[in-house]
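Here the structure comes first, spelled out in structure tokens, and everything after it is commentary.
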Amino acid sequence: MKYDHKAIEKKWQDAWEKAGVFHAENNSTKPKYFALIEFPYPSGQGLHVGHPRPYTALDIIARKRRMQGYNVLYPIGWDAFGLPTENYAIKNHIHPAQVTKKNVARFKEQIKSLGISFDWSREINTTDPEYYKWTQWIFLQLFKHGLAYKKEMNVNWCTGCKCVLANEEVVEGVCERCGSPVVHKVKSQWMLKITDYAQKLIDGLDDVDYPERVKTQQKNWIGRSEGAEVDFKTTAGDTLTVYTTRPDTLFGATYMVISPEHPYIEKWKDRLGNLDAIRDYQKKAARKSEFERAEVAKDKTGVKLEGVSAVNPVNGKEIPIFISDYVLMTYGTGAIMAVPAHDTRDWAFAKKFGLPIIEVVKGGDVEKEPFTDCASGEMVNSGFLNGLTVEQAKQKIKDYMEEKGFGHRKVNYKLRDWVFARQRYWGEPIPIVHCDKCGYVPVPEEQLPIRLPEVESYELTDDGESPLAKMTDWVNTTCPKCGGPAKRETDTMPQWAGSSWYFLRYTDPHNDKAFAGKEAMKYWLPVDWYNGGMEHTTLHLLYSRFWHKFLYDIGEVPTPEPYAKRTSHGMILGENGEKMSKSRGNVVNPDDVVNEYGADTLRLYEMFIGDFEKAAPWNTSSMKGCRRFVERYFALQNILVPGDKIRPEMEGPFNKTIKKVSEDIENLKFNTAIAALMSLLNGIAANGAINREEMRIFTLLLDPFAPHVAEEVWANLQYNDQLACQQPWPAYDDSKCQDASIEIAVQVNGKVRAHITLPADVTKDAVLETAKANEKIAIEINGKSLVKEIYVPGKLVNLVVKG
RNA sequence: GCGGAUAUGGUGGAAUUGGCAGACACGCCAGAUUUAGGUUCUGGUGCGCAAGCGUGCAGGUUCAAAUCCUGUUAUCCGCACCA
């Protein structure tokens, strides 16, 4: 029998499909299991060798769960809206829908060749009007609950994509997708009020099983801080409010700073003696891109406001006010009280402008450097706060300001609202109509979906208008409220819209009355295990949690969190250890691997390559080792002997391996699970024979990893036409995981000097006696005094001697 | 700058309730099979001639440290004027 991967893999993929064994049942009495991978963007390049890593990992989970008796939902679909498709369409004058269709067909063929147990009957596509109808429906619910609003504001504008970006899409001043510089533009934009969910998004993390680094990243992104808003009276007769996390240092506030965009400048303009200089500074600040701001971040600039100053509410001292771009209008109140003695930025600014520095917490030398790490310090120069700790002072001053009415406790978040509009064609139309009389009016739900119109050109414009704006027939409509003339919204939703709820659709993908049936969601939710990339932590993962929490609050979904467990896979790098890319010439095509070595080998190698959560470089010859393992397993059929029980000498190895593989799969340690199977195979080969029962168990253990070859061997074992993937997962007996005899290392003063082999049930005294009697050990300890004897049961003995 | 992670043979990586470092695999060396190459099989393979030495580096705790503590270096990731 020769191992022919091409014939075997095709044969079993067809057989599984014909039998429909991977279809999830919506009306089942079995326990459910919902395994999820991030559905792919069907790009023109086709599948990348990185795609199969997470697919295979959760396929192993899904297959094992089915064998454990679960009704498993392991679905797939296409996240198909997005820029690359649109750009390709523009360049080649093909409709993006056509491009998408072609790319999906190719992806589907490639993924099917891997033998992943997806339920293809639930395949979804975010660009399908029957799908995006519900994306639009959810948007309307957000609008009706006041969480979608249109606002004129300063937005991130990508000079490459020629559209606005969400904060989450700007990385170090450039576009996370295309790398082009991001500049600021004032535009009227649709926004989603994710900030209303800041606290819920933090609190929910306590109830889910995510990696710590994912939780930390989301918490840092949301950026909760506790402090106070404090009112300072000004000489203009009004009140300037600041936000601070250090109200305890109020006595050390020697000046104030407001952001260049602060509205008070307009209010105070007639009083300001140096308005020209101020206007000049405002203009310079506005012109800076995100990137430039980051570049010059360390150098403090600013202008003092001549003619208006503020009064410190605790000591009545008059202090100057500056404008400076180190204060952001988008955080807090856009104004700060500056305490140079205990804040690095304020200190740098004070030094540059020669402003007084007053120490209010003892312990540093504030003339030399700011003393910021002062949580354990004692308050000084602070009137009634003197002698208190920082923490006590914080509480006391907050009580005091609330009592006197010049301030109150306040929690702030760094999280900004989500800019939810793109000036592009290939996205979901926003279902809103603008009427001069009625304002923004939602499209009635029964008119959904608002389909993308056919346009002649998807070309982008520099004026920041969507290509849809040119479609006057489509744009001009009537107001659903008053019937008068009105215009459709021409911006589309961002790439992240369709993926914010797609897992819900999987539970009931063909429902035409709702985005998913309540019964179906009640049965399937939450997702039990969701694997995806770290790069989505503050994008898709955060966005979809937000949508889900909103849907929960309005009673549309049954669980407060969408995903019970989240894991993250590492990237597969090129052979040279660099990221795979066309330009580096180190791309490995999965088609070639499947062709030459087979899907089972590819699956095994991608799992064996290293720690699942870490990046690992591809190595073709290392992969051949996995091919050898498959061939050696297949060849076991040549040394097959009868027997319906594990032979006594093989009970230890088999029970141990079943246990190891079972546990390792649950802990994402696929690499060591495969190593255990390899070890067992080596043991069997050394033994020279395998009986039918042993072959049955080995085959079931291998099945989740290399399902095609396992299925083939299973068929050869002739268990009445049953499928291997439908068999129960093998059980182990803990009492049989131990070998009959054990090897114990004997150390003298911590150094291994000998090994002794003894029966597994040996007593401590017997071990010590045998150890001391050992030749090599006797030489080491003779004539010396024995100080201590340590015995670690079943593992080692350490004899401590002196002299 | 702040926060987090990582560092183990020629290579990918095992082993962290402190208990034999290097499982498993690649590569390499030797032998067998083969007309030859490849394949396959068997054996060997951390370094050192040796005593010994070895988990980025320097200390420490312990009978015992890759694992715990202190300091330090390098790489990667996240955040980056958030008051």
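Only a predicted model underlies this, so the values are computations on that prediction, with no experimental measurement involved. A note on names: the letters A, B, ... follow the listed sequences, proteins ahead of strands, and every chain is numbered from 1.
A:Asn531 and A:His569 form a side-chain donor-acceptor contact under 3.5 Å, judged by distance and modelled atom types alone. Checking A:Tyr605 against A:Asp600 by side-chain atom types alone, no donor-acceptor pair falls below 3.5 Å.
As rounded to the nearest Å, B:U42 and B:G56 have C1' atoms that lie 38 Å from one another. Using C1' as the reference atom, B:G3 and B:A51 are 48 Å apart when rounded to the nearest Å. Rounded to a whole angstrom, the distance from the P atom of B:U55 to that of B:G59 is 12 Å. B:C2 sits 45 Å from B:G48 when the C1' atoms are compared, rounded to a whole Å. Here the separation of B:G46 from B:G78, taken at their P atoms, is 39 Å to the nearest Å. A distance of about 31 Å separates the P atoms of B:C77 and B:G27, rounded to the whole Å. Atom P of B:U33 sits at a distance of 44 Å from the matching atom of B:U16, rounded to the whole Å. Here the separation of B:A15 from B:C68, taken at their P atoms, is 15 Å to the nearest Å.
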Kindly list each side-chain donor-acceptor pair under 3.5 angstrom involving residues 743-759 of chain A, sequence neighbours excluded, with atom names and distances?
{"from": "A:Asn749", "atom 1": "OD1", "to": "A:Val801", "atom 2": "N", "distance (Å)": "2.9"}

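Checking the phosphate oxygens (OP1, OP2) of B:A83, a side-chain nitrogen or oxygen of A:Tyr331 falls inside 4.0 Å. Phosphate proximity of B:A83 to A:Ser225: present, with a side-chain N or O under 4.0 Å from OP1 or OP2. Distances shorter than 4.0 Å separate none of the side-chain N or O atoms of A:Lys219 from OP1 or OP2 on B:G4.
Between A:Gln217 atom CD and B:G78 atom P there is a gap of 8 Å when expressed in whole angstrom units. Rounded to an integer number of Å, the gap from A:Glu575 CD to B:G27 P is 12 Å. Following rounding to the nearest Å, A:Tyr413 (OH) and B:C79 (C1') show an atom-to-atom distance of 19 Å. Nucleotide B:C76 holds its P atom 13 Å from the CE atom of A:Met571, rounded to whole Å. Rounded to an integer number of Å, the gap from CG of A:Asn749 to C1' of B:C63 is 8 Å. Rounding to whole angstrom units, NZ of residue A:Lys414 and P of B:G3 are separated by 13 Å. One interatomic measurement links the two molecules: CD of A:Glu663 to C1' of B:A15, which rounds to 16 Å at whole-angstrom precision. Rounded to whole angstrom, the span from the CD atom of A:Glu212 across to the C1' atom of B:G78 amounts to 15 Å.
For A:Leu415 and A:Ala616, each mapped to the nucleotide of RNA chain B holding its nearest heavy atom, the one lying further toward the 5' end belongs to A:Ala616. When each of A:Tyr605 and A:Arg246 is assigned the nucleotide of RNA chain B bearing its nearest heavy atom, the one mapping closer to the 5' terminus is A:Tyr605.
As judged by a 4.0 angstrom heavy-atom cut-off over every strand, A:Thr216 is placed among residues making no nucleic acid contact. At the heavy-atom level, A:Ala615 lies under 4.0 Å from the strands shown only through sugar-phosphate atoms.
Taking the six-membered ring for Trp and thresholds of 30 and 60 degrees, A:Phe629 and A:Phe698 have ring planes inclined between 30 and 60 degrees apart.
With its glycosidic angle more than 90° from 0, B:G52 is assigned anti.
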Nucleotide-level pairing of RNA chain B, given in dot-bracket where Watson-Crick and G-U pairs need both distances under 3.5 Å and | marks other strands
(((((((..(((......[....)))((((((.......))))))((....))..(((((..]....))))))))))))....

Along nucleotides 17-26 of chain B, 5' to 3', which nucleotides get a B, which get an S, and which get a -, given that the test is a protein heavy-atom distance under 4.0 Å?
--BB--BBSS

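Side-chain atoms of A:Ser382 and A:Met379, non-hydrogen and from C-beta on, do get closer than 4.5 Å to each other. In this structure the side chain of A:Tyr597 reaches within 4.5 angstrom of the side chain of A:Met623, judged on heavy atoms. Side-chain atoms of A:Leu636 and A:Ile684, non-hydrogen and from C-beta on, do get closer than 4.5 Å to each other.
Listed nucleotides: B:G12, B:C53, B:C79. Nearest to the side chain of A:Lys751: B:C53. Comparing B:C79, B:A83, B:G12 by their nearest atom to the side chain of A:Trp221 picks out B:C79.
Proximity of a side-chain donor or acceptor of A:Arg416 to a complementary backbone N or O of A:Lys414 within less than 3.5 Å is detected.
No cation-pi contact links A:Lys669 to A:Phe612, judged by a cut-off of 6.0 Å to the six-membered ring centre and 45° from its axis.
Electrostatic pairing of A:Asp734 and A:Lys659 counts as a salt bridge here, judged by a charged N lying under 4.0 Å from a carboxylate O.
Aromatic pair A:Phe322/A:Phe349: centroids less than 6.0 angstrom apart.
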